[in-house]
Protein chains: 2
Amino acid sequence: MNLVYEALAHPTRRQIIALLRQGDRPAGEIATHFDIAKPTLSGHLRVLREAGLVIGERHGTSIVYSLQLSLLEESLAALLDLFKIDSAKPPEPDRS
Amino acid sequence: MNLVYEALAHPTRRQIIALLRQGDRPAGEIATHFDIAKPTLSGHLRVLREAGLVIGERHGTSIVYSLQLSLLEESLAALLDLFKIDSAKPPEPDRS
DNA sequence: TCCCTTATTAGGCAACAAGCGAATTATATC
DNA sequence: GATATAATTCGCTTGTTGCCTAATAAGGGA
């Protein structure tokens, strides 16, 4: 789970996620949306992949990336759990 | 908002949040839960403070930390927006 | 005021992350 | 096999993060 948080920590990677929300895309097409070198973007994609947030499937010479929504939901659930905004009572046991 | 994600990227800082969910605590008491030097923990608290996730109020010689739930909720909303799990249709326009 | 407690800031170092250009791998086509 | 295209890995530089010890600031009580 730690990998997910680290992956989300970089603005470019969050933008990649937002981009993939609109549909799957090959790495090269993703790259056109950013002003960074291709190897740098490839590194970001690797981080997202290792966190399990995206998967890349080879189609011919391209590698098409798509979101792993299941893990995204899990991450959100974990975050909700961390903050416990969802659950029953407000977190105030005693505190004099 | 970037600061929030960066703040959440470190396990210790997430544990601090989880701890504060159970009630406000002075910095020193927080420190007893971790096996790190006090200045290091103070640094983590600074990161959380600058992200707006916690606030520290001086009570005598202590500085009592508490969560800023409002910003936590905003962060969650932003995350939901990023993933759009909440909204209407699944993000699959075409894809042959 | 002087001392003790609590917490932060300052300084320094090792480890990591982000970026790039060049080289490499993988697939498709001729 | 040779060539072209797409994406990654490699080697490197630069800047940041995380950790520590030592020093400093802020308060409370004798």
Engineer: Expressed as a whole number of angstroms, how long is the span from B/F34:CZ to D/dC20:P?
Structural biologist: 13 Å
Engineer: Could you check how far CD1 of B/I16 sits from P of C/dA7, rounded to whole Å?
Structural biologist: 13 Å
Engineer: Quick one: are B/I16 and B/L41 in side-chain contact, heavy atoms under 4.5 Å?
Structural biologist: yes
Engineer: Between B/Y5 (OH) and D/dT16 (P), how many Å, whole number?
Structural biologist: 22 Å
Engineer: Remember a base hit wins even if backbone is also touched, and classify B/P26 as base, sugar-phosphate or nothing at under 4.0 Å, heavy atoms.
Structural biologist: sugar-phosphate
Engineer: Please tell me if the side chains of B/L19 and B/H33 come closer than 4.5 Å, counting only heavy atoms from C-beta onward.
Structural biologist: yes
Engineer: Of all the choices, D/dG18, C/dA28, C/dA7, which nucleotide is nearest to the side chain of A/T61 once you look at every atom?
Structural biologist: C/dA28
Engineer: Toward the 5' end of DNA chain C, which comes first, A/I36 or A/E6, by nearest nucleotide?
Structural biologist: A/E6
Engineer: Measuring to OP1 and OP2 of C/dC20, would you say a side-chain N or O of A/T40 lies under 4.0 angstrom away?
Structural biologist: yes
Engineer: Within the structure, does a side-chain N or O atom of A/S42 lie under 4.0 Å from either OP1 or OP2 of D/dT8?
Structural biologist: yes
Engineer: The side chain of A/P39 lies closest to which of these nucleotides: C/dT8, D/dT9, D/dC20?
Structural biologist: D/dT9
Engineer: Using a cut-off of less than 4.0 Å, is there contact between a side-chain N or O of B/R49 and OP1 or OP2 of C/dT8?
Structural biologist: yes
Engineer: A side-chain contact here means heavy atoms from C-beta on lying under 4.5 Å apart; do B/V47 and B/R13 qualify?
Structural biologist: yes
Engineer: Between P on C/dC16 and NE2 on B/H10, what's the gap in Å once rounded to a whole number?
Structural biologist: 12 Å
Engineer: Base, sugar-phosphate, or nothing for A/S62, non-hydrogen atoms under 4.0 angstrom?
Structural biologist: sugar-phosphate
Engineer: Distance check needed: C/dA7 P versus B/R46 CZ, whole Å only.
Structural biologist: 17 Å
Engineer: Both B/R58 and A/G60 contact DNA chain C. Taking the nearest nucleotide for each, which residue is further toward the 5' end?
Structural biologist: B/R58
Engineer: Indicate yes or no for a side-chain donor-acceptor contact from B/R25 to the backbone of B/G23 under 3.5 Å, with no hydrogens or angles considered.
Structural biologist: yes
Engineer: Rounding to an integer number of Å, can you tell me how far A/K38 NZ sits from C/dT25 P?
Structural biologist: 18 Å
Engineer: In whole Å, what is the span from the NE2 atom of A/H44 to the C1' atom of D/dT8?
Structural biologist: 15 Å
Engineer: Is there a donor-acceptor pair closer than 3.5 Å between any side-chain N or O of B/R14 and the backbone N or O of B/L8?
Structural biologist: yes
Engineer: When all nucleic acid strands are considered with a 4.0 Å heavy-atom cut-off, which category describes B/Y65: base, sugar-phosphate, or nothing?
Structural biologist: sugar-phosphate
Engineer: Select one nucleotide: of C/dC20, D/dG18, D/dA7, the one nearest the side-chain heavy atoms of A/A27.
Structural biologist: D/dA7
Engineer: Round to the nearest Å and state the distance from B/I63 atom CD1 to C/dT5 atom P.
Structural biologist: 18 Å
